[in-house]
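The structure follows.
Because the structure is a prediction, the values reported are computed rather than measured. Side chains included, hydrogens not; waters and symmetry mates left out as well; all remaining heavy atoms used.
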Amino acid sequence: QTATALRCSNLFIEPGVSSSEVLLSCGEPVTKEVLGAYGKSGAIKERWTYGPHEGGWYYFLYFKSGVLEKIDSKKK
C-alpha cells in the first residue's frame, strides 16, 4: 500500500525531503538496505524501514541519491 506521508515528531515526512531530514525527524530506521546503483550517474537507491507504528504498521521509505521518492506501508 502506498502511503503519502509518514508522521515523525509531529512533522510529516513526504517525498522530496532529504534522507538527513528524515533522520533528524524520525531517527534511525529499523533497517537500511542499498538496492543498487542505477543509471549513468550511479544514483544510489535505498529502502529504509520504520515500525511498527500504531496499529502494527510498517513504513518503507525509498530514496534515490538521498532524496525520498516514495513511501509504502504494510500492516503486520
- Examine distances only and state if a side-chain atom of Tyr59 and a backbone atom of Ala5 form a donor-acceptor pair shorter than 3.5 Å.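 No, the answer is negative, given that no donor and acceptor are paired below the 3.5 Å cut-off.
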- Item | From SG (Cys8) to CG (Leu23), nearest 0.5 Å | 10.5 Å
- Item | Side chain proximity check, Glu21 to Leu11, heavy atoms < 4.5 angstrom |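 They are not in side-chain contact.
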- Can you name the closest pair of heavy atoms from Ser9 and Ser25 and give their distance?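 Heavy atoms only, the tightest pair is OG-O, 2.9 Å.
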- Task: Would you mind listing the cluster partners of Ile44? Hydrophobic ones only (ILVMFWY), side-chain contacts under 4.5 Å, chaining allowed.
- Result: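 Traced through the cluster, Ile44 reaches Val34.
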- Sub-4.5 Å side-chain heavy-atom contact between Ile13 and Cys26: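 Touching, per the 4.5 Å side-chain cut-off.
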- Message: Quick test of your reading of the model: are Lys70 and Asp72 salt-bridged, counting only N-O distances below 4.0 Å?
- Response: yes
- Query: Just wondering, more than 12 heavy atoms not from Lys75 lying within 6.0 Å of its NZ?
  - Reply: no
- Query: Has the side chain of Ser18 got a donor or acceptor atom that lies under 3.5 Å from a matching backbone atom of Gly66?
  - Reply: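 No: the side chain of Ser18 does not pair with the backbone of Gly66.
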- Task: Examine Tyr62 and Val17 and state if one hydrophobic cluster contains both, with Ile, Leu, Val, Met, Phe, Trp and Tyr joined whenever side-chain heavy atoms are less than 4.5 Å apart.
- Result: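 Looking at the clustering, Val17 is in a separate group from Tyr62.
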- Task: State, yes or no, whether a side-chain contact exists between Pro15 and Val67 at a heavy-atom distance under 4.5 Å.
- Result: no
- To the nearest 0.5 Å, how far apart are CZ in Phe12 and CG in Leu6? 9.5 Å
- Task: Give a yes or no on whether Trp57 and Phe60 share a hydrophobic cluster (residues Ile, Leu, Val, Met, Phe, Trp, Tyr; joining criterion: side-chain heavy atoms under 4.5 Å apart).
- Result: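 Result: no, two separate clusters.
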- To the nearest 0.5 Å, tell me how far His53 NE2 sits from Tyr58 OH.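 Answer for the NE2-OH pair, His53 versus Tyr58, is 9.5 Å.
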- Would you say the side chain of Glu69 lies within less than 4.5 Å of the side chain of Lys45, judging by non-hydrogen atoms? yes
- What is the ring orientation for Phe63 with Trp48, classed by angle as parallel under 30°, tilted 30 to 60°, or perpendicular over 60°? tilted
